[in-house]
Amino acid sequence: MPDKTIAIAADHAGFELKALLRKELEQMGMHVLDLGTDGPQSVDYPDFGRKLAETVASGAASRGVVICGTGIGMSIAVNRVPGVRAALCHDGLSARLARQHNDANVLALGARLIGIETAKDCLREFIGTPFDGGRHAQRVAKLR
Ligand code: RB5
């Protein structure tokens with residue numbers, strides 16, 4: 001399990017899924033930093049992605065979850081901030097491998113592309129799976 005503070009952010013396409021995943025994280029005993037957005041009013045995902053990426057890169061949160069319609073815009077946005085390794089995942093296996101092989105510290109999800117149970121599955125794997133280290137550690141180091 002990571003340090004208990006997890007940041008979460010979404011745009012207007014992802015705010016409903018964000019609320020569900022926030023509850024899920026709290027049920028896992030995590031302390032959640034919810035960085036918005038909180039309603040259907042149209043916003044720009046880079047604004048929320050940047051806020052979340054800086055929160056994770058600064059260490060104020062150990063990991064983050066970002067959600068937009070496809071997850072693509074958010075993953076592009078957060079990966080621009082040094083120190084962030086975001087993985088766009090569509091199933092539990094990709095989320096587990098993102099932790100085991102890539103030490104991903106941000107999970108990106110597409111609210112318009114995946115169902116709620118699959119999103120929860122991704123979240124559980126992302127939170128519960130440790131980094132494998134070993135041969136993967138030198139590769140992750142090269143990303144820095
Ligand atoms: C918003 O309509 C949509 O473009 C956004 O949520 C996201 O999917 C971008 O990548």
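Computed from a predicted model, the values in this text were never measured in an experiment. Order of listing sets the numbers, starting from 1, for every ligand and every atom in it.
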Strictly inside 4.0 angstrom of atom 10 (O) of ligand 1, do you find any protein heavy atom?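 It does: a protein heavy atom is found less than 4.0 Å away from atom 10 (O) of ligand 1.
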Do any nitrogen or oxygen atoms of [X] lie less than 3.5 angstrom from nitrogen or oxygen atoms of ligand 1?
| X | result |
| --- | --- |
| Gly69 | yes |
| Arg112 | yes |
| Ile72 | no |

Just by modelled atom types, is the [Y] backbone N or O under 3.5 Å from a matching donor or acceptor in the [X] side chain?
| X | Y | result |
| --- | --- | --- |
| Asn79 | Ala86 | yes |
| Asp11 | Ala13 | yes |
| His12 | Val43 | yes |
| Asp34 | Lys18 | no |

Would you mind telling me if ligand 1 is within reach of the side chain of His12, the backbone, both or neither, using heavy atoms under 4.0 Å? side chain
For ligand 1, is any non-hydrogen atom under 4.0 Å from Cys68's backbone (N, CA, C, O), its side chain (CB onward), both, or neither?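 The part of Cys68 near ligand 1 is both the backbone and the side chain.
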Return the residue, atom name and 0.1 Å-rounded distance of the protein heavy atom closest to atom 5 (C) of ligand 1.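 Answer, as residue, atom name and distance: Asp11 OD2, 3.2 Å.
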For Ala13, atoms of ligand 1 separated by under 4.0 Å from a heavy atom: 6 (O)
Of the listed options Ile67, Asp44, Thr70, closest to atom 8 (O) of ligand 1 (non-hydrogen atoms): Thr70
Any chance the side chains of Asp91 and Ser94 put a donor and an acceptor closer than 3.5 Å? yes
Any Met74 heavy atom less than 4.0 Å to ligand 1: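 Contact check Met74 vs ligand 1: negative.
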Step by step, work out the side chain to side chain donor-acceptor pair (under 3.5 Å) result for Glu125 and Thr129. CA-CA 6 Å; Glu125 294 287 358; Thr129 307; 3.2 Å; yes
Can you establish whether the number of heavy atoms outside Glu24 located under 6.0 Å from its atom CD is more than 12?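 It does: Glu24 CD has more than 12 such atoms within range.
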